[in-house]
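Only this structure's heavy atoms are used, side chains among them; waters, hydrogens and symmetry mates stay out. Letters A, B, ... are given to chains in the order of the sequence lines, protein chains preceding strands, and every chain is numbered from 1.
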Amino acid sequence: MLSDTEARIRYLIVGFFAQRVLDALVRCAETGDAPEFDTTMKTAIRELQAATGTQPEDRRDIRAFSNYEQIRTLDEVRSQVQVRNMIRVLTGLLERRNAKDPASVQRGLDEAIDFFSQLESQALRNFDQPVESLPSGLRELCTAS
Amino acid sequence: MHSELAGLMQDAASLHRFVRFLREFCEERRATHHYLSSSRAFFLYVQQLAEKTETFLQRLISSPEPTYRSPRAERKVAALKRFWTVLHWLIKPAADAHTLRVPVPLLGLLERHLRSLGGFSESKVVTLLSPDLNYFQYRTGPLRELAAQVTLMLDAPPFPEGLGFIAIPYSQESRLFTNLLLYHELGHFAFETEGNAAGLLPQVDDALTAVLGEQFASAPEPLRSWCRGRLVAWCEETYADLFATFLIGPAYSFASIELFNLLALLEAPRSLRFDSEHTADAYRFNEQLNYLKNAGWWQCLGGAKTEHQKLIEKLAARKEEEYLYPVPDIPQLGSLLIRAFLRVRVPVRELVAKTCKECAADTRPFVAYSEAIWRYLANATVPSTLSLGGEAFHPPEVATINSAFLFSLASLSRLLAKVEGYDASRPKVSDYGQVAGRIELWTMKAIEDLALLSRRPKVG
């Protein structure tokens with residue numbers, strides 16, 4: 001079993017990652033922009049892509065979703081389909097300056113703030129009460145062999 | 001004060017007190033105890049981070065910044081509290097491990113070994129004294145990543161470069177032989193530092209696809225990541241074992257037997273069982289023995305086998321088909337994952353060989369000096385300077401450790417026979433224990449001497 005301390009550290013990394021993204025989103029929602037907004041969103045997109053298996057082969061710079069405990073934390077908050085939707089929302093926010101409908105930018109920000117707030121809370125909950133659980137679908141893995 | 005701010009103030013003040021205590025604790029320990037430079041670097045980092053945290057908490061209360069307002073500010077305090085809880089876990093065991101409580105000569109040898117490997121010249125290892133009866137290494141990658149996130153938030157100094165954490169059970173603080181297991185923990189540190197987990201992923205994915213088929217290739221990411229996690233963890237364990245065996249030779253396998261015996265891990269079916277993070281002990285000894293035979297070590301150990309050698313051979317001889325990894329309700333999955341894992345062990349062996357080949361323990365000094373070392377120990381003499389054919393020689397540390405360990409396992413009676421009042425017909429456990437402890441002390445002293453003397457290969 002992964003040591004309790006290591007599992008907790010992994011959850012907490014997700015918590016801090018979510019906070020960093022939230023800081024940029026909140027500031028943008030209140031002031032119309034935020035320093036390093038684009039960089040933060042690009043990082044968030046890469047991390048979420050890694051968590052849904054759509055990121056390129058090299059995973060060396062993946063930090064927040066580099067292992068099962070972290071990906072499970074995300075899975076506890078939103079389904080894989082919803083995470084893919086969030087990737088689209090964040091990609092849309094990168095294009096906010098060209099957006100024809102400012103209200104859609106605000107909706108995107110609100111949606112993303114809600115997403116990362118829930119992720120942050122779940123990560124801190126898992127830190128407080130780490131549980132070892134198996135992913136669903138393990139049984140089906142054995143059917144091919 | 002507004003009630004929201006009052007709540008935040010209470011939270012921030014509570015964290016402030018906690019952090020200040022830890023800062024003062026580190027200051028006090030650094031001033032009153034002697035530590036290795038790695039521990040001093042860690043304490044200094046904690047102190048600097050504490051100062052930055054205290055400043056940040058004040059800013060959180062007084063800044064008009066939108067991201068510093070409640071409830072965002074409260075969430076930041078909540079995350080910081082947890083981060084400091086993590087440091088709290090490390091600080092006390094690190095503070096307990098001052099130089100009077102740890103095997104300094106062995107740790108010196110360990111660090112010299114580490115620095116002699118390519119890419120580890122700046123590495124330092126903080127020793128922790130743990131209440132657990134086991135050795136372990138804190139993966140610094142996640143800790144470093146966590147610290148990096150905190151650094152961004154607090155504008156604090158970065159986590160010290162090349163710092164690792166290794167824990168020793170407090171009951172083993174003065175031992176030499178069981179503490180050779182630290183080499184395994186050093187192997188974990190090397191595996192992580194080299195980024196081998198990410199490097200092995202293509203082979204791990206190929207092995208899983210080969211065994212589980214398309215079901216794995218098309219599985220959702222949480223499932224794939226769980227399977228990968230098992231194989232990578234087992235690869236890392238294999239790497240750490242082989243790393244230790246490369247650097248310190250059979251003494252590492254003997255040390256493993258000592259500890260596993262104490263923990264009653266060596267009886268089947270326990271010795272055949274993998275768990276989610278560790279390989280089965282039978283598999284571990286199979287890998288070690290395989291290397292020791294290929295490197296010529298096993299053949300050098302002499303004709304009459306010790307109980308440790310017999311046990312290693314017995315465990316290593318278990319068939320791969322007997323290995324188990326019980327996954328609740330899915331009995332066949334464990335054996336499939338083990339089958340996939342066994343396909344990746346060759347790349348792991350190659351990685352260890354690449355890292356350690358320049359520093360692999362050499363059998364030749366062992367062959368040349370072991371008889372003399374035994375003679376010195378049998379006469380209760382520290383074997384750091386050996387007189388051979390009228391000339392004085394300093395045996396290398398690894399040859400000294402292996403010779404002394406083997407002496408302790410095979411020939412303790414030679415020394416006991418010289419103890420005044422010892423009656424061989426009525427052996428006493430306490431006598432054996434005491435004399436075995438002495439062998440470790442003399443060997444530790446030899447390592448300390450050799451750290452100085454080995455700069456000159458020959459004296460006289």
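By number of non-hydrogen pairs under 4.5 angstrom with chain B, the leading residue of A:Ala34, A:Gly15, A:Ala64, A:Ser121 is A:Ser121. Counting heavy-atom pairs closer than 4.5 Å to chain B, the top residue among A:Arg8, A:Gln70, A:Arg20, A:Gln19 is A:Gln19. The candidate from A:Leu138, A:Ile9, A:Asp75 with the greatest count of non-hydrogen atom pairs under 4.5 Å with chain B is A:Leu138.
Taking a cutoff of 4.0 Å between a charged side-chain nitrogen and a carboxylate oxygen, A:Asp23 and B:Lys76 qualify as a salt bridge.
Summarising the geometry, atom CZ belonging to B:Arg72 is positioned 4.5 Å from atom CD belonging to A:Glu120; distances are rounded to the nearest 0.5 Å. Between B:Trp226 atom CH2 and A:Ser133 atom OG the span is 10.5 Å, to the nearest 0.5 Å. Atom CG of residue B:Leu333 and atom CD of residue A:Glu140 lie 11.0 Å apart, to the nearest 0.5 angstrom. To the nearest 0.5 Å, atoms CD1 (A:Ile71) and CD (B:Glu221) are separated by 5.0 Å. Annotation: the span from A:Phe127 atom CZ to B:Lys81 atom NZ amounts to 12.0 Å, rounded to 0.5 Å. For the atom pair CG of B:Leu80 and CZ of A:Phe16, the computed distance is 5.0 Å after rounding to the nearest 0.5 Å.
The contact between B:Leu152 and chain A is made entirely by side chain atoms (from C-beta outward), counting heavy-atom distances below 4.5 Å. No part of B:Val232 comes within reach of chain A, as not one of its non-hydrogen atoms sits under 4.5 angstrom from that chain.
Around the CD atom of A:Gln82, the shell of radius 6.0 Å holds more than 12 heavy atoms that belong to other residues, nucleotides or ligands. Around the OH atom of B:Tyr170, the shell of radius 6.0 Å holds no more than 12 heavy atoms that belong to other residues, nucleotides or ligands.
Judged by distance alone, with hydrogens and angles left aside, the side-chain atoms of A:Arg139 form a donor-acceptor pair with the main-chain N or O of B:Asp329 at under 3.5 Å.
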Task: B:Glu145 and A:Ser66: CA distance, side-chain angles, deciding distance, side-chain contact (heavy atoms from CB on, under 4.5 Å) verdict - done: CA-CA 11 Å; B:Glu145 177 53 31; A:Ser66 62; over 6 Å; no

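Smallest separation of non-hydrogen atoms from B:Leu223 and A:Ser136: CD1-O, 3.7 Å. Listed here is the closest heavy atom pair of A:Leu141 and B:Leu212: O-CD2, 3.7 Å. Pairing each heavy atom of A:Asn67 with each of B:Ser225, the nearest pair is C-OG, 3.5 Å.
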